[in-house]
> 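Structure incoming, see below.
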Amino acid sequence: LEVPSKSTIVFSYIGYQAQEVPVGNQSTINVTLKEDTQKLEEVVVVGYGTQKKVTVTGSVASVSGEELKASPTTNLSNGMVGRMPGVIGFQKSDEPGGGGTTIRVRGTNSLGSNDPLVVIDGIPDRDGGFNRLNPTEIESISVLKDASAAIYGARAANGVILITTKRGKEGKATVTFNASGGFSQPTRLPKMANAFEYATMVNEINPGTWTDEDLRLFQDGSDPWGHPDTDWFNETLKSWSPQTYANATIDGGTENVKYFVSVSAKGQDAFYRHSGSNYHQYDLKMNLDMK
């Protein structure tokens, strides 16, 4: 890894305590991770119930909403990749608000659709799937693989993604507000030849296509209409695109009535200049439990 000397490297792995190591002047870093025994006491959602992680015998992977919040993405599926063993994903596009990750649980397992069954708060195949959910609203995500998913029948041939949203807890009202802003950058933009370089290469392939006068005009830019030299990538694309996120929640309740309310707004701009495809989303989520 090539990193600045003031950087800190974070080592993490499922089931182990993460360690942060300042780089400093070190060129070799040896780290031994310790098991996170507390995580074995965590509750894992399995089918129509819950179990402690230490007693789960089936193939179940889980991730908490707090971990998903660390990925500032517009689509929830983009933040799941790389966080659970056996769960892979690939992203075909990155249009603002679109470009959700296609999730596969242990590869392709059927002849028709290979998408896993998504169950949100006990309801399967809710409209919109889980891409539009807000990580702040999520308590946990469990992925049931192989025989662990059998409780959902034939629809679970490609695994099951169980999403549990947060609910109110008994006690005084708690208000939380989060806001963040950031920028997206293309991984790479093509570097194109300018008009003079292009015309020169064309002449090498097919001599006489452009005259010496044409080459001079391409090079000095004195005839922009007849001999243009426009960098269209620079004219149409931005190097950075902003994205914003804000969320407010309130939860609490009594023994008989518990509530959780979340309001959020997120926005993402495109890489095109003066784009018409920027994305804005507003959410209102309320879980109300009454006896």
Side-chain angles (χ1 to χ4, degrees), residues 42-53 55-56 58-71 73-81 83-84 87 89 97 100-103 105 113 115-145 148-171 173-176 178 245 247-266 281-291:
E42 289 181 0
V43 173
V44 178
V45 180
V46 286
Y48 295 105
T50 59
Q51 293 181 9
K52 283 189 175 182
K53 184 175 289 188
T55 62
V56 173
S59 186
V60 181
S62 62
V63 63
S64 67
E66 292 300 313
E67 293 178 76
L68 293 172
K69 284 167 58 177
S71 300
T73 60
T74 308
N75 295 309
L76 180 63
S77 60
N78 297 347
M80 286 180 57
V81 177
R83 298 186 182 276
M84 289 176 281
V87 179
T101 298
T102 300
I103 299 294
V105 179
S113 172
D115 295 332
L117 175 66
V118 178
V119 181
I120 303 174
D121 285 338
I123 303 176
D125 277 347
R126 288 179 63 169
D127 189 30
F130 62 99
N131 268 323
R132 296 293 168 244
L133 288 180
N134 192 324
T136 308
E137 304 166 358
I138 293 176
E139 186 71 37
S140 67
I141 294 181
S142 294
V143 178
L144 310 185
K145 297 173 279 188
S148 299
I151 192 172
Y152 287 95
R155 299 177 70 189
N158 296 289
V160 178
I161 298 177
L162 297 179
I163 300 178
T164 305
T165 59
K166 292 181 179 179
R167 313 197 78 84
K169 298 178 182 178
E170 188 175 337
T174 302
V175 179
T176 306
N178 292 290
Y245 170 78
N247 170 262
T249 63
I250 178 171
D251 69 282
T254 63
E255 182 180 353
N256 295 322
V257 180
K258 299 173 185 176
Y259 55 88
F260 173 84
V261 182
S262 171
V263 179
S264 62
K266 62 178 69 173
Q281 176 179 323
Y282 305 93
D283 301 298
L284 172 62
K285 168 78 173 176
M286 181 169 69
N287 281 337
L288 186 63
D289 298 300
M290 302 177 66
K291 289 184 181 179

> Taking side chain to side chain donor-acceptor pair (under 3.5 Å) as the test, write out the residues that go with Tyr245, two or more places apart.
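If we apply the side chain to side chain donor-acceptor pair (under 3.5 Å) test to Tyr245, skipping adjacent residues, the hits are Asn134, Thr136.
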
> Can you tell me how far the CD1 atom of Ile163 sits from the CD1 atom of Ile138, to the nearest 0.5 Å?
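Atom-to-atom, Ile163:CD1 and Ile138:CD1 are 5.5 Å apart.
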
> Identify the heavy atoms of Tyr282 and Ala265 that sit nearest to each other, and give their distance.
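It is CD2-CB, 3.6 Å.
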
> Do you know the tightest heavy-atom contact between Thr254 and Glu170?
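Shortest heavy-atom separation between Thr254 and Glu170 comes out as C-CG, 3.8 Å.
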
> If you take all heavy atoms of Asp283 and Arg132, which pair is closest and at what distance?
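What the structure gives for the nearest pair is OD1-O, 4.0 Å.
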
> For Thr249, give me all partners under side chain to side chain donor-acceptor pair (under 3.5 Å), at least two apart in sequence or on another chain.
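Listed in chain order: nothing, the list is empty.
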
> Determine the minimum heavy-atom distance between Val105 and Pro116, stating which atoms define it.
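Val105 and Pro116 have their closest heavy atoms at CG2-CB, 4.1 Å.
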
> Going from CG on Asp121 to OG1 on Thr164, what distance comes out if it is rounded to the nearest 0.5 angstrom?
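Rounded to the nearest 0.5 Å, the CG-OG1 separation comes out at 6.0 Å.
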
> With rounding to the nearest 0.5 angstrom, report the OG1 to NZ distance, Thr174 to Lys169.
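Thr174 atom OG1 to Lys169 atom NZ measures 9.5 Å (nearest 0.5 Å).
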
> Short question: side chain of Asn158, backbone of Ser113 - any donor-acceptor pair under 3.5 Å?
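Yes; at least one donor-acceptor contact below 3.5 Å.
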
> Roughly how far, to the nearest 0.5 Å, is CG of Asp115 from OG1 of Thr102?
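Here the rounded value is 7.0 Å.
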
> State which residues pass side-chain contact (heavy atoms from CB on, under 4.5 Å) with Ala248; sequence neighbours excluded, sorted by chain then number.
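So Ala248 forms a side-chain contact (heavy atoms from CB on, under 4.5 Å) with Phe177.
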
> Output every pair passing salt bridge (charged side-chain N to carboxylate O under 4.0 Å, His left out) with a member in residues 157-167, not counting sequence neighbours, ordered by first then second residue.
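Output for this query lists Glu66-Lys166, Arg167-Asp289.
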
> When rounded to the nearest 0.5 angstrom, what distance separates CD1 in Ile161 from CD1 in Ile141?
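Separation between the atoms: 7.5 Å.
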
> Roughly how far, to the nearest 0.5 Å, is the CG atom of Leu76 from the CG atom of Asn131?
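Here the rounded value is 7.0 Å.
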
> Looking at Phe260 and Gly168, what are the two nearest heavy atoms and their distance?
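Residues Phe260 and Gly168, closest heavy atoms: CB-N, 3.6 Å.
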
> State which residues pass side chain to side chain donor-acceptor pair (under 3.5 Å) with Asp251; sequence neighbours excluded, sorted by chain then number.
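Partners of Asp251 under the side chain to side chain donor-acceptor pair (under 3.5 Å) test: none.
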
> Listed by chain and number, what are the side chain to side chain donor-acceptor pair (under 3.5 Å) partners of Glu139, not counting sequence neighbours?
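Side chain to side chain donor-acceptor pair (under 3.5 Å) list for Glu139, sorted by chain: empty.
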
